[in-house]
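Quick note: numbers below take in every heavy atom, side chains included, and nothing from hydrogens, waters or symmetry partners.
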Amino acid sequence: MPHTETPGTEAVPATRLRWWTELPLIVLVYACYSAGRLVVRGDVSDAVDHGLAILRIEKALHLNAEHPLNRLFTREPWLGVPADFWYASLHYLVTPALLVWLFRSRAVHYRAARTWLMTSTFIGLIGFTLLPTCPPRLLDASHGFVDTMAHYSSWGWWGGEASAPRGLGGMTNQYAAMPSLHVGWALWCGVILWKYGRTRLTRAAAVVYPLVTVIVVMGTANHYFLDAAAGAAVMGAGLLLAPAVMRGADRAKSRLLPRVAPVAADSSGTRSPVVSAGCQTSAGERIPRQRQPEPRYGPGTEPGASPSDAGEGAPAPAR
């Protein structure tokens with residue numbers, strides 16, 4: 001069967017992402033995210049001042065939706081308990097699941113989507129560092145907020161300190177409210193589902209998941225509306241910076257890793273291509289199923305013909 005590759009490109013290796021290189025990278029980024037939330041605690045008084053400033057801005061803009069949502073979730077357990085489970089778990093389940101799905105089913109788009117998510121996460125860490133913010137649930141009770149996760153802590157594995165497992169609340173930074181990466185990551189999931197999902201169900205989930213997450217983070221008093229807006233802005237910045245990050249990673253990889261030179265095809269012209277790879281048939285050997293050529297002998301000149309067959313006047317063969 002004839003080959004159709006362009007000569008000189010037969011040995012060019014195809015770049016493929018491997019799970020054993022992707023998994024440590026994702027774990028590293030998540031470790032940086034967790035360490036950043038843990039180490040960068042900031043000053044509590046500054047964090048409270050930033051939280052109150054956000055509340056004042058929202059009231060001036062008539063954007064204060066946190067109070068009515070929080071009162072509703074506190075008053076109605078059938079809303080508050082599922083919202084707490086949503087906040088405490090889906091953030092850590094849906095995003096990795098979509099990364100795995102992209103890696104296995106949409107590998108062509110995986111690297112760009114992963115780079116976008118990771119770039120935005122690092123921008124969020126910068127926000128935690130520069131602007132420690134007290135979430136509504138940690139403000140003084142006079143401001144009218146109830147920590148629903150502490151209120152319904154008997155229903156789940158979390159305690160009274162954020163969404164950390166009971167007894168591990170001291171290992172997280174509770175003043176990392178600005179921006180909300182819960183909302184940012186949910187928005188990333190929504191875009192991925194909308195862009196690469198093929199069914200109406202995935203399109204519906206692409207819209208519902210980010211919107212419900214925004215309602216949940218405010219109703220549980222974990223974030224302000226402006227935290228959610230900042231989370232969306234961080235994802236937008238990450239989307240714009242992702243191509244430059246990928247180009248920089250490619251340049252660094254080309255400098256650090258040796259290049260694999262393709263093996264060029266023999267184009268000297270000194271040897272003609274032989275389909276049989278140098279093997280030849282013996283004289284008189286017929287290739288199987290090859291058609292026998294029609295004989296072109298004249299009358300009486302067939303191999304093995306006797307002189308009598310050629311006629312009486314035919315000369316005798318030389319001896």
request  = Give a yes or no on whether Leu256 and Met246 share a hydrophobic cluster (residues Ile, Leu, Val, Met, Phe, Trp, Tyr; joining criterion: side-chain heavy atoms under 4.5 Å apart).
outcome  = no
key: Any donor-acceptor N/O pair, Asp250 side chain to Arg247 backbone, under 3.5 Å   = no
message = Treating His223 as the side-chain partner and Met218 as the backbone partner, does any N or O pair qualify as donor plus acceptor under 3.5 Å?
response = no
ask   = Is there a side chain to side chain donor-acceptor pair (under 3.5 Å) between Trp194 and Thr202 once you walk through the steps?
value = CA-CA 7 Å; Trp194 183 271; Thr202 56; over 6 Å; no
task = For residues Thr220 and Asn70, report the shortest heavy-atom separation together with the two atoms involved.
result =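 For Thr220 versus Asn70, the nearest heavy atoms are C-ND2, 4.1 Å.
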ask   = Are the side chain of His50 and the backbone of Asp46 linked by a donor-acceptor contact shorter than 3.5 Å?
value =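 Answer holds: yes.
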task = To the nearest 0.5 Å, tell me how far Asp140 CG sits from Cys134 SG.
result = 10.0 Å
message = Under the criterion side-chain contact (heavy atoms from CB on, under 4.5 Å), I'd like the reasoning laid out for Asn64 against His67: C-alpha separation, chi angles, the key distance, then a yes or no.
response = CA-CA 7 Å; Asn64 184 21; His67 276 106; 3.0 Å; yes
request  = Apply side-chain contact (heavy atoms from CB on, under 4.5 Å) to Val100 and Tyr110, showing your working.
outcome  = CA-CA 9 Å; Val100 173; Tyr110 169 80; over 6 Å; no
request  = Would you check if Tyr209 and Leu90 make a side-chain contact, meaning some heavy-atom pair closer than 4.5 Å?
outcome  = yes
query = Counting distance only, does the side-chain N/O of Thr119 pair as donor-acceptor with the main-chain N or O of Trp116 below 3.5 Å?
reply =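 No, because the side chain of Thr119 does not come within donor-acceptor range (under 3.5 Å) of the backbone of Trp116.
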task = Measure the spacing between CG of Asn222 and OG1 of Thr148 and express it to the nearest 0.5 Å.
result = 6.5 Å
request  = Examine distances only and state if a side-chain atom of Glu58 and a backbone atom of Leu226 form a donor-acceptor pair shorter than 3.5 Å.
outcome  = yes
query = If you measure from CG on Asp147 to CZ on Arg137, what distance do you get to the nearest 0.5 Å?
reply = 5.0 Å
inquiry  = Could you walk me through whether Trp86 and Thr213 satisfy the side chain to side chain donor-acceptor pair (under 3.5 Å) test, starting with their C-alpha distance in whole Å, then the side-chain angles of each, then the deciding distance to 0.1 Å, before giving a yes or no?
reply    = CA-CA 8 Å; Trp86 186 292; Thr213 300; 3.1 Å; yes
Over all atoms of both residues, closest heavy-atom pair of Gly197 and Arg203 = O-NE, 4.0 Å
request  = Take Phe128 and Thr133, measure what side-chain contact (heavy atoms from CB on, under 4.5 Å) needs, and give me the verdict at the end.
outcome  = CA-CA 8 Å; Phe128 299 156; Thr133 304; over 6 Å; no
task = Could you state whether Val217 and Leu211 fall into the same hydrophobic cluster, counting links through intermediate Ile, Leu, Val, Met, Phe, Trp or Tyr residues with side-chain heavy atoms under 4.5 angstrom apart?
result =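 Shared cluster, no.
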message = What I'd like to find out is whether the side chain of Ser120 reaches to under 4.5 Å of the side chain of Trp188, using heavy atoms alone.
response = no
task = Report, as yes or no, whether the 6.0 Å neighbourhood of atom CZ on Phe225 holds more than 12 heavy atoms from other residues, nucleotides or ligands.
result =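 Result for CZ/Phe225: open.
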query = Any idea which heavy atoms bring Gly127 and Pro179 closest together, and the distance?
reply = CA-CD, 4.1 Å
same_hphob_cluster(Tyr224, Ile57) at 4.5 Å side-chain heavy-atom cutoff =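 Hydrophobic grouping puts Tyr224 with Ile57.
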query = Any link between Val146 and Phe73 through a network of hydrophobic side chains (Ile, Leu, Val, Met, Phe, Trp, Tyr) touching at under 4.5 Å?
reply =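 Cluster IDs for Val146 and Phe73 differ.
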request  = Say whether Tyr196 and Leu98 are linked into one hydrophobic cluster, either directly or through other cluster members, by side-chain heavy-atom distances under 4.5 angstrom.
outcome  =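 Yes; tracing contacts between hydrophobic side chains, which count when under 4.5 Å, links both residues.
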query = Given Leu117 and Arg114, is the side-chain contact (heavy atoms from CB on, under 4.5 Å) satisfied, shown in steps?
reply = CA-CA 5 Å; Leu117 178 65; Arg114 177 257 286 161; 5.8 Å; no
message = Using modelled atom types and a 3.5 Å cut-off, is there a donor and acceptor pairing between side-chain atoms of Trp185 and backbone atoms of Thr95?
response =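 No: the side chain of Trp185 does not pair with the backbone of Thr95.
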